[in-house]
Amino acid sequence: MIDNNLKVNFNFTNDDEVAITAPPISGSVDGAGYFYGSSLLYYFYYGPDLLDVIDRFTEHVSRPALPPSWALFSTWQWRDTSDETKVYDDAAGMRDEEIPCGLIWIDRPWAQGADNMPPPFEWQVSRFPNGSNMCHDLQEQGYKTGVWVAKNLYGSFSDSMNYKQLKLDTKSFLERDNCQMYKIDRGNEQSTDPLFTCQAYYEAWDDVLHGDFVTLPRTIANRAQQYVSGKWPGDNDNTYEYPSGLKSNIAAMLNLAIAGFPFWGSDTGGFPDPPGNNVTIRWAQFSSFCTIFETAGTPYNYSQNYRNIYRKYAELYTRMFPYRWTYARMAHEKGYPVTRALPLVYPDDENCYSEKFQYLYGDWILVAPVVDATFSRDVYLPEGKWYDWWDGTLYEGPATINDFPAPEDKLPLFVKAGAIIPMTDVQQTWLNSTMDPMTFRVYPEGETEFTILGDTVVYYGRETPYTDLKTTNIKCIKSEGEIQITTGEFTQSLIFEVHPGGEPLSAENNGTVLQQYGSRSEWETAEEGWYFETDNGAIAWIKTAGGDPCSVNLTIKYENFTCRADIQSFAFFDILPNPVTDHGKFVFGLTNEAEVHIDVINILGRHVIRLDEGPYTPGRHEVDFSVDNLHHGLYLVKYEAGETGGTRIMMLK
């Protein structure tokens, strides 16, 4: 970094050196307000880990401000031109369609000032006759409210009196209406450093709201991290392409995250009020794995199909709050990006440098948004084992999956083996939210752990934090035939969605054997117990009861599936039901296209019957079979996919 206002140029074209040049030295101020000094001040940050470089950089320039938890709990909604009736319609529409939403902001025109912008901070009576009451009504429904402002409310802020006037003018508005978010527009028009603008707004509002608010500026500057809650990129177009479509937003988000601005929220679908179309839905899938998910327009009015898809990802965004909040706190405390370009984590993998539209979400989740009007995309998986989020299929990297299926309702998502991902239930808003029950998606691999960072800030005028998320640690150890999961103390009931890589045989908690249930419905109604599901991958669902504070110590015994790690092999294979009477089915997943053979062998080792053969595509498959001509007893089922395979025991009765 160079700490100077000089117009410095960097040339990275030479493999051996970086050329840094600056204008001729001068003792005067140029027309743009830059002082040409006599020296440059350089800072070099050493890791060796690249995340450590960002840590040291943000420690120097300033740590990112931490948004209130309500701002990261559920989605935001707004529309370009609004009035009081439309705001109430939007609030009702999102709730009626059960689309999670926790903030509505009002764009211009809303204020009485010139060009429909404040000052004064007063509602236009013709559009918002009960503006103050409206804000309080919305808060009772679980909506925070925000307004649009602009950089040039008070000129350039070069006169400190303008700054004082801003504080005076906003004070009564904020105290009266409890408006807790502002989007600051047009910072790109100012000739002076936008740092001061961000600081002025932040400090003016902080005097009244004591940190319990959100700032979302369009233009930012280094050292402004401490004064902004996130970054909004400006007005975008309802398109995939550059310069202002979905692709450019992914690129800008990842670049800003490296530069110390980890909180990002773009206008999902574009500006002003995007239609419910293919671009908007793919954008919503991307936004569900951003830190801020905000949308213009009226998602509750989309066609039924697009409304359902939008709701699916709005719900997923809310469910991911414990995971997202943990990384938000890391970003605040260490500067670490929540959304991480692949080279940040895999700097020695040359293939990662060409993957512009994939990124890691925290440590464990790989996100690969679809960035064109197609229904598949190539996905690059770095080194390690990766599970498909949706069906549990296991892949091993480094590898490229060509034409990975991505129908319109599917965002390609992968979870790295070893992951522990905390999630909450679907909830509409932060108001009266609860982490009971909490679900942990666990993908055992060696020894891993995850520490949830809790919601600890009690803001002025409140008695408790906005959510009841507590700090605690979860640890998982996988050894041959056994998985152990331990936690810190919880009072709520816990659900563990475990991907064991084999068939679970038993489960116990703190030495007490848990009951196994034969159906999902039986398990869901029970207070404790476990259930093995094969329909969406091999998943052991385990539930523990809440109550008095206590720790969980799960032990899961399992039997290995064969050949799970090879990219050419079966991802999983099961026989349902087992024991078999006269008819059953094979359920299996393939990580790559292969010729599949499934044979039955008796206990003497003799081939009895071939039950299935043929080419199969990657993904999950079910094959029905009949064993009417076989005698009762034990058999081995031999299955092959290309050069790999294994055997399973089948009991016929």
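- In the model, Trp386 has no side-chain atom that pairs as donor or acceptor with a side-chain atom of Glu396 under 3.5 Å.
- Aromatic pair Tyr43/His60: ring centres closer than 6.0 Å.
- Residues Thr467 and Ser433 bring no donor and acceptor atom of their side chains to less than 3.5 Å of each other.
- Going from atom CG of Asp378 over to atom CG of Asn402 covers 4.5 Å, rounded to the nearest 0.5 Å.
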**OP:** Give the C-alpha distance, both sets of side-chain angles, the deciding distance and a yes or no for side chain to side chain contact (heavy atoms under 4.5 Å, CB included) between Gln225 and Phe261.
**Re:** CA-CA 6 Å; Gln225 287 95 330; Phe261 291 89; 3.6 Å; yes
Original post:
Stepwise, does the side chain to side chain contact (heavy atoms under 4.5 Å, CB included) test hold for Met438 with Phe490?
Top reply: CA-CA 10 Å; Met438 181 173 284; Phe490 282 92; 4.2 Å; yes
Subject >> Full working for side chain to side chain donor-acceptor pair (under 3.5 Å) between Thr318 and Ser74 >> reply: CA-CA 5 Å; Thr318 298; Ser74 49; 4.9 Å; no
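- Two residues are said to be in side-chain contact when any heavy atoms from C-beta on lie closer than 4.5 Å; Ser354 and Tyr380 fail this criterion.
- Between Tyr201 and Asp206 there is no side-chain heavy-atom pair separated by less than 4.5 Å.
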Subject >> side chain to side chain donor-acceptor pair (under 3.5 Å) between Tyr45 and Asp52, intermediate numbers included >> reply: CA-CA 9 Å; Tyr45 305 93; Asp52 291 335; over 6 Å; no
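- Contact detail for Pro120 and Ala111: the closest heavy-atom pair is O-CB, 4.1 Å.
- Within 6.0 Å of CD in Glu350 there are 12 or fewer heavy atoms belonging to other residues, nucleotides or ligands.
- Counting only residues at least two apart or on different chains, the salt bridge (charged side-chain N to carboxylate O under 4.0 Å, His left out) pairs with a member in residues 231-253 are Glu241-Lys247.
- Evaluated for a ring pair (Phe, Tyr, Trp, His ring centres under 6.0 Å) with Trp430, the options Tyr143, Trp76, Tyr466, Phe321 yield exactly one hit, Tyr466.
- Under the 3.5 Å distance criterion, with hydrogens and angles disregarded, a donor-acceptor pair is assigned to the side chains of Asn473 and Thr451.
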Subject >> Ser229 and Phe263: CA distance, side-chain angles, deciding distance, side chain to side chain contact (heavy atoms under 4.5 Å, CB included) verdict >> reply: CA-CA 7 Å; Ser229 307; Phe263 301 112; over 6 Å; no
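- Remark: Thr291 OG1 to Leu72 CG distance equals 6.5 Å, nearest 0.5 Å.
- Nearest heavy atom pair, residue Asp80 against residue Asp107, reads O-CB, 3.4 Å.
- Asp207 meets the salt bridge (Lys or Arg N to Asp or Glu O under 4.0 Å) test with Lys167; sequence neighbours excluded.
- In this structure, Tyr182 has its ring center under 6.0 Å from that of Trp205.
- At a cut-off of 3.5 Å, with distance as the only test, a side-chain donor of Asp185 or Trp148 sits close to an acceptor on the other residue.
- Val214 and Ala71 make their closest contact through CG2-CB, 3.5 Å (heavy atoms, listed as atom of the first residue, atom of the second, distance).
- Listed by first and then second residue, the ring pair (Phe, Tyr, Trp, His ring centres under 6.0 Å) pairs involving residues 214-245 are Tyr202-Tyr227 (not counting sequence neighbours).
- In the model, Tyr346 has no side-chain atom that pairs as donor or acceptor with a side-chain atom of Asn351 under 3.5 Å.
- In the displayed structure, Glu383 atom CD is contacted under 6.0 Å by at most 12 heavy atoms of other residues, nucleotides or ligands.
- A cation-pi arrangement, defined by a distance under 6.0 Å to the six-membered ring centre and an angle within 45 degrees of its axis, is absent between Arg329 and Tyr336.
- Side-chain N/O atoms of Thr58 and Arg63 include a donor and acceptor closer than 3.5 Å.
- There is a side-chain donor-acceptor pair under 3.5 Å between Arg441 and Tyr443.
- Contact record, Leu51 with Pro337: CD2-CD, 3.7 Å, taken as the closest heavy-atom pair.
- Ile292 places a side-chain heavy atom less than 4.5 Å from the side chain of Leu216.
- Separating the OG1 atom in Thr448 from the CZ atom in Phe450 is a distance of 11.0 Å, to the nearest 0.5 Å.
- Counting only residues at least two apart or on different chains, the salt bridge (charged side-chain N to carboxylate O under 4.0 Å, His left out) pairs with a member in residues 447-475 are Glu447-Lys475.
- Nearest heavy atom pair, residue Leu50 against residue Pro343, reads CD1-O, 3.6 Å.
- Contact of the Lys144 side chain with the Trp105 side chain is not registered, since no non-hydrogen atoms from C-beta on lie closer than 4.5 Å.
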**OP:** Might you work through the side chain to side chain contact (heavy atoms under 4.5 Å, CB included) test for Thr145 and Val147, ending with a clear yes or no?
**Re:** CA-CA 7 Å; Thr145 48; Val147 293; over 6 Å; no
Original post:
Please walk me through it: do Phe414 and Phe404 pass ring-ring contact (aromatic ring centres under 6.0 Å, His included)?
Top reply: CA-CA 12 Å; Phe414 298 85; Phe404 183 80; 5.1 Å; yes
Show me the donor-acceptor pairs, under 3.5 Å and distance only, between side chains in residues 362-369 and residues at least two apart or in other chains.
from, atom 1, to, atom 2, distance (Å)
Asp363, OD1, Arg340, NH1, 2.8
Asp363, OD2, Tyr327, OH, 2.8

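- Tyr46 pairs by the ring pair (Phe, Tyr, Trp, His ring centres under 6.0 Å) definition with nothing, not counting sequence neighbours.
- Neither side chain, Asn249 nor Trp283, offers a donor N or O lying under 3.5 Å from an acceptor on the other.
- Ring orientation note: the planes of Phe121 and Phe173 are tilted relative to one another, at an angle of 30° to 60°.
- Summarising the geometry of Val279 relative to Thr239, their closest heavy-atom pair is CG1-N, 3.7 Å, with the distance given to 0.1 Å.
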